[in-house]
> 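After the structure tokens below, expect a handful of questions from me.
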Amino acid sequence: MPEPAGALELIASQTQPIALQAELACAPGELLALVGPSGSGKSTLLRCIAGLHSPQQGSIRCGGVTWYDAQQRINLPPQARRVGFVFQNYSLFPHLSAHDNVVCALGHLPPSQRAARARELLAMTHLRGLDTRKPAQLSGGQQQRVALARALARDPAVLLLDEPFSAVDQVTRRRLQVELARLRSEVKTPIVLVTHDLDEARMLADRMTLLSHGRTLQSGTPDDILTRPASAQIARLVELNNVFGGTLERVNADGSGILCWRSHKFEVARANGFAPATRLSWVIPPEDVILHRRDRPSLGERENPVEGRVDDCLHLGDATRIVLALEGDPRARISFSVPTHVVRRNGVASGETVRVSLLASGIHLMPAEAHRST
Amino acid sequence: MDATALQLSLRLAAVTALLLVPLALLLVRALARRPFAARGLVDGLVALPLVLPPTVLGFYLLTVFGGQSTLGQWYAALTGRQLVFTFDGLLLASLIANIPFAVQPIQRAFAAIPREACEAAWCSGLTNWQTLWKIELPLAWPGILAALVLTFTHTLGEFGVVLMVGGNIATRRAPCRSPSTTACSRSTTGRRM
């Protein structure tokens, strides 16, 4: 019988072969997204948890059991760790049928129960009737499901998913993502999902940990990280490109403040504990940049208005990405997205002058960058 | 053609293939598990029988197996038989001459197995032994089969080594005769030591 699920905790550091300095935690039933650019060490951390790689320093504990401890020289082999691992390319056994692939991971059950349990798992992952097919006879999405069924077969103490949706087409990806979201109600173990897709993380994860160059930079809810990054570096990593430098001029009693940026003075809803006259970085997510309508001005336009020339106007289907160059400084560019029909109705085009509001609630203040000024 | 000679050739080829392929499997596994610094040296040694012309290799083996050599004397003391010009010597020479034909296909076959397939097996709870049995051997099977066929056919067709180590057995011991040696015996009898 599986032992009661417990939390996963990992601390890992090494200098070779890639530098790592990571710390992460995942509660039972929680889905933690490990997000970062390619080569940031996401997969290496997953391999550390599975026992396929040993960091030089650190410890890994799951459900109260120490799987790895560099100081105490504990290093359980993968076979003793009870992980369910869905590899990026699924790594199904090509010579075995879907059913036998799953049976391979049922070694903990008596032989008489294995076939029935394998059928149950294949049914749970919507693969009924495909038991006898070899991996080569299955579509990408079906292979992914077999890999998931095989990972779940072991009654894992932790489920590890290494970019499980990267090798399937968009439609299949959406469907598999919905299936994973549903599956979560049945799986009570920690789930660690490696992805470089921020939308995927936002959609599926309870918490996310951001990784860059082997370092965990910030952990929190996806909303937290994607709208309130802890530093300008993190802001850029999560594709918030409207990062600027500025000075906090005043902090009001209610916690709001006035931000001084070039010739502008912006209201800021939260001063984030920064003292007045502090140099700092600030960021505004694109969804908090509101385009003013030309024909019908509204009250909201008094909120942090900025005027600029449209430098780039790129239609991307339903949405249009606009880059606004502010008067007087070519480096001061704000990018945001608006629905394409709004662009058409307002006659927004390259070279036109438009006005936008930067919502006070969207402006997020961060410590100043040491070596960068914008 | 002499039926006994064909029989001997087939027997030598079969025994060589059946003995050598499992040994090659062990060697390949040992090399794969521990990537040690001298691995290149072992790879070179494995390929050595390919570099030498078969008659030269045969001559060296004849020297090493001969009644004057340590190995020859040790073998004679142990079994009461000599190594050269007997089936035992022929088999040993054949095993050595065929090492690259058995090892290399198996080595390639194991190298072609994606590392992730083994890792997936370990993560599924399979022990190293179960991984070898259930995953690696079935996936490497075409290579193992190729090694068996190559070793068998190469032994069947091998001439130079057999000529040297098997010698002109035809005139000395009836059962130990291969078509190659028989065919050549007339021309080599005079020059044999």
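Computed from a prediction, not measured in an experiment: that's the story for all the values here. Below, chain A is the first sequence line, B the second, and so on; all start at residue 1. We use all heavy atoms of the structure for the numbers below, so side chains are in, but hydrogens, waters and symmetry mates are not.
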> Mind checking the CD-CZ spacing from B:E119 to A:R47? Nearest 0.5 Å is all I need.
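Taking CD in B:E119 and CZ in A:R47, the distance rounds to 4.0 Å.
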
> Of all the heavy-atom pairs spanning A:H95 and B:K134, show the shortest one and how long it is.
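Nearest heavy atoms, A:H95 then B:K134: NE2-O, 2.8 Å.
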
> Give, for atom OG of B:S124 and atom CZ of A:R150, the distance between the pair rounded to the nearest 0.5 Å.
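CZ of A:R150 is found 4.5 Å from OG of B:S124.
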
> With a cut-off of 6.0 Å (strictly less than), are more than 12 heavy atoms of other residues, nucleotides or ligands near CD of B:Q68?
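Not more than 12 within 6.0 Å, no.
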
> Check whether A:R81 gets within reach of chain B through its side chain, its backbone, both or neither, counting any heavy atom under 4.5 Å.
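No part of it gets close to chain B.
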
> List the atom of A:S91, the atom of B:E116, and the distance in Å for their closest heavy-atom pair.
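Reported closest heavy-atom pair: OG-OE1, 2.8 Å.
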
> Output the distance between atom CD1 (A:I49) and atom SG (B:C123), rounded to the nearest 0.5 Å.
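If we round to the nearest 0.5 Å, A:I49:CD1 and B:C123:SG are 11.0 Å apart.
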
> To the nearest 0.5 Å, how far apart are CZ in B:R115 and CG in A:L52?
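Answer rounded to 0.5 Å: 8.0 Å.
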
> I need the B:I113 CD1 to A:F93 CZ distance, nearest 0.5 Å.
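Interatomic distance, B:I113 CD1 to A:F93 CZ, rounded to 0.5 Å: 11.5 Å.
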
> With distance as the sole test, does A:Q79 use its side chain to make a donor-acceptor pair with the main-chain N or O of B:L126 at under 3.5 Å?
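Yes: the side chain of A:Q79 pairs with the backbone of B:L126.
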
